[in-house]
Amino acid sequence: MLKSPICELIGIQYPIFQGGMAWASDYNLASAVSNAGGLGIIGAGQMPPDLLVKQIRLAKENTDKPFGVNLILYLSYINELVDAVISEGVSVVTTGAGNAGPFIKKFHDAGIKVIPVIPAVALAKRMEKAGADALIAEGMESGGHIGESTTMTLVPQVAENVGIPVIAAGGIADFRGFAAALCLGASGIQMGTRFIATKECNVHQNWKNMIIKASDRDTVITGRPTGHPVRVLKNKLSKQFLELEEKCADIKEYEELGIGKLKAAAIDGDSEYGSMMSGQIAGIIKEEKSVKDVIEEIMQQTEDFINNFLKFVL
Ligand code: TUI
């Protein structure tokens, strides 16, 4: 049985996190992942605090297992979301797009574990010093907002430099990625794109179909000049973003073009002009499955792979 320190730390059966994804991971997906033995995570995104409270309550109605909330830290009203999470109480908070340091004590006082997503070693060290319970080292293969390092290079360098458990994210969707992550020094994995293409994920079917049809080169990084690069599936919108880069457009134009586009992808299924944030590993995902099948299959296949692999060592 494949167990790791992260399972003990949060009280989960399998060391598999479902990435918290704005507009894509609601209470339904999160509770399904937690019920299947992983850690389900509600992506708060730009939800107003009262909606986040509702989502947390719905998750609690649907699972008695630990689950988490992901907070995007650059939001102007982040303190209200932090207070909402604290007043409702969840097991884990993961954070993205900013420095979790100022919030860690507040969460710990409420009995909530804090696991920041980090794209670089320097930030990993800072977060460990600030009291983070574990880290999610996310490579630029991921969908959505990304850093510059690949998972292959980031995870071992983070693992080398911190003493807390490291979860590998970015470019993982099957047993190969899971086994590789363990080799790189990770205690577990986080998957986003794989969980979008599941029956329990409530995004529009068009987004799921785009992932299922995607091949290895069907994502692209947009928005680099804004300082917030974002990996998305290629479509007419991503082309418009790249045209802005070519003409050295003002940052305001990127912001205007981006408004409402993640919602357009997730809710309206606008495959031409929606922002279908997905990772480079989309090409390996060939069908929509249930969350339980995804988790049980990857656990079994990873264990089989490791057992067979060891037979090569004489
Ligand atoms: O946060 C993510 N992925 C996301 S957030 C998101 S919503 C969004 N929509 C449009 C534009 C931008 C974002 C979609 N996908 N992943 C975790 C992550 N965090 N990746 C990179 C970072 C990060 C970057 C800089 C974390 C910390 C940081 O710097 C902190 C500091 O103070 O130095």
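Read the numbers this way: they start at 1 and go in the same order the structure lists the ligands and their atoms. Residue numbers count from 1 along this sequence.
- Environment of CD in Glu148: sparse, with no more than 12 heavy atoms of neighbouring residues, nucleotides or ligands closer than 6.0 Å.
- Ring geometry for Phe175 versus Phe305: interplanar angle of 30 to 60°, hence tilted.
- Among all non-hydrogen protein atoms, the one lying nearest atom 5 (S) of ligand 1 is Ile72 CD1, 3.2 Å.
- If you check the side chains of His108 and Asp133, you find a donor sitting under 3.5 Å from an acceptor.
- Taking atom 17 (C) of ligand 1 as the reference point, the nearest protein heavy-atom neighbour is Val117 CG1, 3.2 Å.
- Comment: Asp218 does not engage Lys213 in a salt bridge, judged by the lack of any side-chain N to carboxylate O separation of less than 4.0 angstrom.
- Within ligand 1, the atoms closer than 4.0 Å to a non-hydrogen atom of Gly96 are 1 (O), 17 (C), 19 (N), numbered from 1 in the order shown.
- Atom 9 (N) of ligand 1 has its nearest heavy-atom neighbour, among Glu255, Gln46, His145, Met277, in Met277.
- Contact annotation: for Arg126 versus ligand 1, heavy atoms closer than 4.0 Å belong to the side chain alone.
- Of the possible polar contacts, one joining the Thr151 side chain to the Ala169 backbone as a donor-acceptor pair under 3.5 Å is found.
- Note on Lys252 versus Asp250: no salt bridge recorded, every NZ/NE/NH1/NH2 to OD/OE distance being 4.0 Å or above.
- At a 4.0 Å heavy-atom cut-off, ligand 1 does not touch Trp23 at all.
- Listed by number with element, the atoms of ligand 1 under 4.0 angstrom from any heavy atom of Gly98 are 26 (C), 27 (C), 28 (C), 30 (C).
- Nearest to atom 8 (C) of ligand 1 among the protein's heavy atoms is Tyr74 OH, 3.8 Å.
- Heavy atoms of Ala22 found under 4.0 angstrom from ligand 1: none, in either backbone or side chain.
- The residue among Arg231, Met21, Glu138 with a heavy atom at the shortest distance from atom 18 (C) of ligand 1 is Glu138.
- At a heavy-atom cutoff of 4.0 Å, ligand 1 is contacted by no atom of Ile118, backbone or side chain.
- Defined by atom type and a distance below 3.5 Å, a donor-acceptor pair is present between the side-chain atoms of Thr150 and Thr153.
- Between Gln205 and Asn209, the side chains place a donor N or O and an acceptor N or O closer than 3.5 Å (distance only, hydrogens not considered).
- Among all protein heavy atoms, the one lying closest to atom 11 (C) of ligand 1 is Val230 CG2, 3.8 Å.
- Any N or O atom pair closer than 3.5 Å counts here, and Ala97 shares at least one such pair with ligand 1.
- The structure places NZ of Lys199 at 7.5 Å from CD of Glu287, a figure rounded to the nearest 0.5 Å.
- Of the N and O atoms on the side chains of Glu303 and Asn307, not one donor lies less than 3.5 Å from an acceptor on the other residue.
- Near Asn99, meaning under 4.0 Å from any of its heavy atoms, are these atoms of ligand 1: 30 (C), 32 (O).
- Assignment of Leu123 to the shell around ligand 1 is supported, since a heavy atom sits closer than 4.0 Å.
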